[in-house]
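Counting from 1, the numbers follow the sequence of the chain as shown.
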Amino acid sequence: MANTKRDTWDRPIESLFAQVGYCVGLGNLWRFPYLCQKNGGGVFLIPYGLALMVMSIPLYIFEVGLGQSTNRGRIAAWNRLPLMKGIGYASLVLTVLAMLPYMLVMAWAILYLGHSMTTGLLPWTTCDNPWNTNSCVTLNTVMNNSMAISVDFPKTNATLEFNQSISISYTKESLPQVQFWRNYVLRISNSESEMDGEFNWPVLCALIAAFFTVFFVTVGGIKIGGKVVYFTATFPYVILVALLIRGATLEGASKGIRAYLLPNLSQLAKAQVWVDAISQAIYTFGIGFSALTAFGGYNKHKNNFYRSTFVVICLGCITSFTMGLATFSVLGHLAHVMDVDIDGVVQSGPGLVFQVFPVALGLMPASQFWAAMFFLMIYFVAIDTSFSEFEAVMTIIGDAYPSLISTRRRRAGTNTILGITFFVLCLPQLPAYGIYIFELLNSYGSCGISMILVAFSEAVTVGWLWNVEQFKRDVKEMTGSNLAKPIVYCYKFMTPLVTLFVLFFFIVKWEPLTVGDFVYPTWANVIGWIMSLCSILCIPFVILYVLWKEDGTLKERFLSGIRPLSDEKQSLNDETEMKMIEQKCTKKESEFFA
């Protein structure tokens, strides 16, 4: 395929902001806190920190460098080493499966944002809503040790309050913030809720709004998206600092902070802790997906991506750590007020942020304003993450079929078809059982073992098949910087060894997937493994296909498979040109002697 002119970032700072917006996104602000709580708090930080050093930094540099050196998207860039082009296809599958949870998280943020636009009490702070049950207990009720009893009158709601010491039976589903999440947002079956069995129209409308957002941001390509990220990548830090200050000053916050910073080392014996931590270190920075290579492909050839990598990684680490600290501060406050352990406050899972932070926001002055700002922040980081992955898929499509994005109208048409496809695939997550499909996609489809295997394949490729010395020369030629020796050692030894260790540990200690107290049945885990295999098997299938279609002995086929396609095509073009010259010379000689 001939090279076609591609868009590039107008300025290097746009590339940096796009990467910050992508990496400082849902992985940090939504996924990191609940995985940290699920896996024992601070102990999660140990394998997470190890994975950052030996996996995230080296592979981040490689993926951006791959795009910048080839000026192509995730699949076409692997023409540089066609034997391992299956990594590109595996990344495409991971990206598609990741987009489905991303879009639903954005819809949740839009729904909460809409309900924050009120001058009255925030709906998740009271117990007199149709979705509340008899077990609902407000935080103020517990703090004041008084029980509020709601009595219904025609057209009015009156609340009688008895200021006396009453024993309150608290469960993980008692807080109105939790009931808003479970009974209104998710519509999990609950016979005590008046909304049990109703179709989830609010989230459907929010999901439509989410897709319209992504469409308008991506329809103009990076020329528009590159400007949007200036704001969306920086705004979250303002809100995050405010939440951290408020959370840390709450009574009992130190209880949560201790659970976060003082690890229970016995948790390291659990395989799932290692798998979740290492996959989170990869997931946070988008490694194994398609966006980083696409972003690198939009860089000017001499852009110093090597230097910007460390800026992005540092910001991502600080953001994750700060969000975790803020989350555990609020959990500590709730555990103190309710007189329960940290694990007994709310169920761990993908809704942790949507259950915990509304509590902290309700305790702030002008709570409606801060609630709107918080969910606007989640909305913006979801835009950054979704824009990046959506644009990466568009880049892959454009590399394969340039005519589909050759004009603004055609690009808009392709955008629309792709968006509608994603929207339809998201719909099964809306019913009452949808959260379990969501977590199945989130755990098996786009994370966990499949992502770790893609990371292993990349490390082996750049360390041994690509020839790491050649990659060092590529980095030096593009950035003027020398690739550090520890990074070279990671490519060749550390990253493959760590991933193999985790894979072995995971297989030996594997446990069925759980969400809160719900344990997935065997058939659901089988479906999850099938989703994982959809990406994993792309790599060996492409290797076998390349070896099969080449000519010669197995060694000759292998050597042909690690030769760049561009060089091969160039040699063919040169050979064709030489034959044409020889034919012309022969013809002239024949005419002369005739």
Side-chain angles (χ1 to χ4, degrees), residues 51-92 94 278 281-282 285-297 299 301 304-310 312-313 450-479 481-503 535-536 538-540 542-543 546 558-559 561-567:
L52 285 175
M53 291 185 290
V54 303
M55 298 181 73
S56 298
I57 294 176
L59 295 180
Y60 190 101
I61 292 170
F62 172 69
E63 290 198 3
V64 178
L66 175 65
Q68 186 165 316
S69 64
T70 60
N71 195 32
R72 283 288 173 267
R74 183 65 170 171
I75 292 179
W78 281 100
N79 288 339
R80 178 77 179 264
L81 205 154
L83 186 71
M84 302 305 295
K85 196 171 182 176
I87 296 175
Y89 291 107
S91 297
L92 177 60
L94 287 176
I278 290 179
I282 300 171
F285 298 102
I287 294 162
F289 294 113
S290 304
L292 291 180
T293 304
F295 283 166
N299 285 341
H301 188 68
N304 194 343
F305 71 89
Y306 182 70
R307 181 176 55 197
S308 63
T309 292
F310 295 96
V312 175
I313 295 290
S450 53
M451 183 178 290
I452 292 174
L453 275 169
V454 170
F456 169 77
S457 301
E458 277 195 0
V460 170
T461 298
V462 67
W464 299 96
L465 301 180
W466 187 296
N467 185 343
V468 72
E469 294 300 323
Q470 179 58 49
F471 184 63
K472 282 177 61 178
R473 289 191 290 269
D474 292 339
V475 172
K476 176 70 173 179
E477 189 270 331
M478 288 186 289
T479 68
S481 302
N482 291 311
L483 199 61
K485 285 186 178 180
I487 294 176
V488 174
Y489 294 146
C490 284
Y491 288 138
K492 293 178 72 70
F493 306 111
M494 291 301 297
T495 305
L497 288 175
V498 169
T499 49
L500 282 178
F501 165 74
V502 173
L503 289 173
S535 57
I536 294 170
C538 290
I539 300 172
V542 171
I543 292 174
V546 170
F558 175 81
L559 293 175
I562 61 175
R563 185 186 307 140
L565 281 181
S566 56
D567 291 349

For the residue pair [X] and [Y], establish whether any side-chain heavy-atom pair is separated by less than 4.5 Å.
{"X": "V460", "Y": "F456", "result": "yes"}
{"X": "R74", "Y": "L292", "result": "no"}
{"X": "M55", "Y": "M494", "result": "no"}

Treating [X] as the side-chain partner and [Y] as the backbone partner, does any N or O pair qualify as donor plus acceptor under 3.5 Å?
{"X": "T293", "Y": "S290", "result": "no"}
{"X": "Q68", "Y": "H301", "result": "yes"}
{"X": "Y306", "Y": "I61", "result": "no"}
{"X": "S56", "Y": "A281", "result": "yes"}
{"X": "N467", "Y": "E469", "result": "yes"}
{"X": "T495", "Y": "V54", "result": "yes"}

- Is there a donor in the side chain of N79 and an acceptor in the side chain of K85, or the other way round, less than 3.5 Å apart?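 Looking only at side-chain atoms, K85 and N79 do form a donor-acceptor pair, the distance falling under 3.5 Å.
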
- prompt: So, T70 and R80: side-chain donor and acceptor under 3.5 Å apart, yes or no?
  reply: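 R80 and T70 do not have a side-chain donor-acceptor pair below 3.5 Å.
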
Where do G288 and V454 come nearest, in terms of heavy atoms and distance?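 The answer is CA-CG1, 3.9 Å.
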
Nearest 0.5 angstrom please: [X] [atom1] to [Y] [atom2], how far?
{"X": "I57", "Y": "C490", "atom1": "CD1", "atom2": "SG", "result": "8.5 Å"}
{"X": "I487", "Y": "Y489", "atom1": "CD1", "atom2": "OH", "result": "12.5 Å"}
{"X": "S535", "Y": "F289", "atom1": "OG", "atom2": "CZ", "result": "9.5 Å"}

I'd like to know whether the aromatic ring centres of F62 and W466 sit less than 6.0 Å apart in this structure.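 Ring centroids of F62 and W466 are less than 6.0 Å from each other.
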
